[in-house]
2 protein chains.
Amino acid sequence: MSQHRHPGAPGRAGAVPALPDLPEATVARLPEYLRALHNLADAGHETVSSEGLSAAAGVNSAKLRKDLSHLGSYGTRGVGYDVALLIEQIEYVLGLTQRRAVALVGVGNLGHALAGYDGFASRGFRIAALLDADPSRVGEEINGLVVRHVDDLPTVAAEESLAIGVIATPAAAAQQVADQLVAVGVTSILNFAPCVLSVPEGVDVRKVDLAIELQILSFHEHRKASLTALPATGGSALTALPGGFAATDTQEAIGT
Amino acid sequence: MSQHRHPGAPGRAGAVPALPDLPEATVARLPEYLRALHNLADAGHETVSSEGLSAAAGVNSAKLRKDLSHLGSYGTRGVGYDVALLIEQIEYVLGLTQRRAVALVGVGNLGHALAGYDGFASRGFRIAALLDADPSRVGEEINGLVVRHVDDLPTVAAEESLAIGVIATPAAAAQQVADQLVAVGVTSILNFAPCVLSVPEGVDVRKVDLAIELQILSFHEHRKASLTALPATGGSALTALPGGFAATDTQEAIGT
DNA sequence: AGGCGCTTGTGAAGACGTGCACAAATCGCG
DNA sequence: CGCGATTTGTGCACGTCTTCACAAGCGCCT
């Protein structure tokens with residue numbers, strides 16, 4: 001059976017797309033695999049083993065195989081995975097075959113940077129609108145887009161099919177903006193404001209808080225310091241750090 | 001036993017700091033609790049119940065209680081938690097009692113925004129140096145700090161006790177910068193570049209990839225679309241989304 | 001054609017994280 | 001002083017995620 005069947009691949013619209021309900025942890029890793037695969041493709045590789053890909057993505061190879069097995073069987077035993085095919089598959093599953101329109105609300109410090117970030121465009125997204133509540137910012141042109149007032153959201157939504165809203169406003173404004181996004185039909189929100197958003201069921205919110213990331217690192221710093229600072233208390237000073245140190249989300253990595 | 005003992009609180013240096021080795025998932029939530037607590041303190045609350053705090057932080061109340069119980073017993077049954085005391089405790093555990101110096105490498109689009117982000121300063125960090133490899137950027141002043149060349153890192157490290165390095169360079173430069181940071185003794189790195197870093201054991205790396213967050217949201221969009229688009233295939237159309245939809249890291253929330 | 005080395009896909013076990021439900025503890029009030 | 005209302009802290013069961021280890025499958029070489 002060398003006939004690779006994409007279960008609902010872009011071209012051939014089968015009866016049921018049959019998106020297998022992937023474990024959330026797997027979904028979170030797929031983009032990482034995708035990035036690594038693009039690198040490999042650019043480097044001219046046509047196939048890659050789970051060992052090779054997992055190294056490039058910074059994960060355990062067994063984990064990678066299990067993740068990919070959830071998408072279906074796209075590897076060849078004894079050979080590895082077809083890079084191009086796997087890219088196509090992952091992009092399909094992630095819904096990246098269509099370029100999704102993103103509305104970015106809040107054109108302050110961070111919003112400016114996001115508006116100019118080319119990583120969005122190069123990885124399947126298109127910033128469709130820039131919005132802000134501050135009238136003095138409305139009209140400003142950033143990266144070829146004119147900032148519109150946030151109250152124009154209904155108009156924007158009528159022009160474009162907005163898939164995702166990005167909130168880069170101060171915390172105080174975030175909830176109101178979220179409500180406005182939800183009101184025009186946005187069902188996925190990426191929130192950079194340091195606050196909790198209430199949204200109706202069916203709306204997904206992901207949060208990115210830069211300060212929180214630093215605070216987590218700070219904890220580990222504190223811990224490392226409290227360990228190495230031990231002069232002679234009980235256990236012997238450990239030159240190598242104790243096991244179980246590798247964090248869930250943290251690479252701890254092998255040099256070489 | 002109403003005598004609250006901080007197990008290694010700032011002032012009283014006990015024999016052993018005894019940082020309880022917290023579950024990583026707990027550590028990741030503590031900053032969120034801390035933020036919620038600061039809000040409560042500003043609003044004049046002196047105590048808060050686990051129910052109230054968990055709502056403000058967007059988590060389950062049982063989870064919150066279990067998380068806090070790992071720090072020790074700082075609540076009072078029938079009353080709740082002392083807001084000020086809990087803030088002090090969490091800040092101690094996270095190592096925020098000392099203001100940590102952060103070196104930011106890469107003053108491009110994103111780096112600029114990070115340099116101007118006041119969320120760092122207000123939550124326990126101090127940007128101690130801005131660095132870039134591009135000579136044309138060296139000398140530029142941002143937010144009162146002059147950009148220095150990345151090769152000056154050893155000098156910077158000699159002046160300041162750098163705790164954390166932030167990499168906001170293009171992916172191609174990230175590994176080299178990481179090596180330089182490690183070389184001057186930095187043991188915690190926050191990486192915004194879309195690539196995997198190799199670092200020696202004992203160095204913690206956390207990664208933030210903005211495009212990945214969008215891609216995860218894209219998956220959920222795709223999935224929601226493939227569900228609602230089902231015309232009449234097998235099962236009946238679900239008006240309410242199926243269970244198991246709430247993601248690990250995603251709030252799905254109640255809009256009252 | 002057959003065997004050998006390599007790689008995938010997966011069963012099973014263990015570690016980890018979550019959430020319920022309840023006993024223990026504390027406060028306030030009569 | 002005792003009782004009831006309230007809230008913490010936690011034992012337990014369940015689900016998810018990770019990791020090992022290995023059988024099954026594939027291609028290549030002889």
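Just so we're clear, the structure is a prediction, and the values are computed from it rather than from any experiment.
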List for me each residue that meets side-chain hydrogen bond (donor to acceptor under 3.5 Å, both in side chains) alongside [X], sequence neighbours excluded, and say none if there are none.
{"X": "A:Glu32", "value": "A:Arg35, B:Lys207"}
{"X": "A:Thr187", "value": "B:Glu221"}
{"X": "B:Gln175", "value": "B:Asp179"}

For [X] and [N], give me the distance from atom [atom1] to atom [atom2], rounded to whole Å.
{"X": "B:Leu53", "N": "D:dG9", "atom1": "CG", "atom2": "C1'", "answer": "15 Å"}
{"X": "B:Gln89", "N": "D:dT8", "atom1": "CD", "atom2": "C1'", "answer": "17 Å"}
{"X": "A:Leu64", "N": "D:dC20", "atom1": "CG", "atom2": "C1'", "answer": "16 Å"}
{"X": "A:His70", "N": "D:dT18", "atom1": "NE2", "atom2": "P", "answer": "10 Å"}
{"X": "A:Glu51", "N": "C:dG9", "atom1": "CD", "atom2": "P", "answer": "14 Å"}
{"X": "B:Leu71", "N": "D:dG9", "atom1": "CG", "atom2": "P", "answer": "10 Å"}
{"X": "A:Asp21", "N": "D:dG15", "atom1": "CG", "atom2": "C1'", "answer": "14 Å"}
{"X": "A:Arg29", "N": "D:dT16", "atom1": "CZ", "atom2": "C1'", "answer": "11 Å"}

Inset, instruction - Would you please name every residue forming a ring pair (Phe, Tyr, Trp, His ring centres under 6.0 Å) with A:Tyr33, sequence neighbours left out? - result: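 By the ring pair (Phe, Tyr, Trp, His ring centres under 6.0 Å) rule, A:Tyr33 matches no residue at all.
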Under 4.0 angstrom between [X] side-chain N/O and [N] OP1 or OP2:
{"X": "B:Tyr74", "N": "D:dT7", "answer": "no"}
{"X": "A:Tyr81", "N": "C:dG9", "answer": "yes"}
{"X": "B:Thr76", "N": "C:dT26", "answer": "no"}
{"X": "A:Asn60", "N": "D:dC20", "answer": "yes"}
{"X": "A:Ser73", "N": "C:dG9", "answer": "yes"}

Between protein and nucleotides 21-25 of chain D, what N or O pairs are separated by less than 3.5 Å?
{"residue": "D:dA21", "atom": "N6", "partner": "A:Arg65", "partner atom": "NH2", "Å": "3.4"}
{"residue": "D:dA24", "atom": "N3", "partner": "A:Arg77", "partner atom": "NE", "Å": "3.0"}
{"residue": "D:dG25", "atom": "O4'", "partner": "A:Arg77", "partner atom": "NE", "Å": "3.2"}

Inset, instruction - Decide yes or no on side-chain contact (heavy atoms from CB on, under 4.5 Å) for A:Phe192 and A:Thr169, but give the supporting numbers first. - result: CA-CA 8 Å; A:Phe192 285 92; A:Thr169 66; over 6 Å; no
Legend entry - Min side-chain heavy-atom separation B:Leu210-A:Leu114 under 4.5 Å: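 A side-chain contact under 4.5 Å exists here.
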Inset, instruction - Measure distances between side-chain N and O atoms of A:Lys66 and base N and O atoms of D:dT19, and say whether any donor-acceptor pair falls under 3.5 Å. - result: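 Result: at least one qualifying N/O pair found.
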Inset, instruction - Name the closest nucleotide to the B:Lys63 side chain, picking from D:dG9, D:dT7, C:dG19. - result: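 Of the options given, the side chain of B:Lys63 lies nearest C:dG19.
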Legend entry - Selection from C:dT7, D:dG27, C:dT18 that lies nearest to any side-chain heavy atom of B:Ala25: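 Given the options C:dT7, D:dG27, C:dT18, the side chain of B:Ala25 is closest to C:dT18.
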Legend entry - Sequence neighbours excluded - salt bridge (charged side-chain N to carboxylate O under 4.0 Å, His left out) pairs with any residue from residues 67-80 of chain A: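 Listed once each, the pairs are A:Arg29-A:Asp67.
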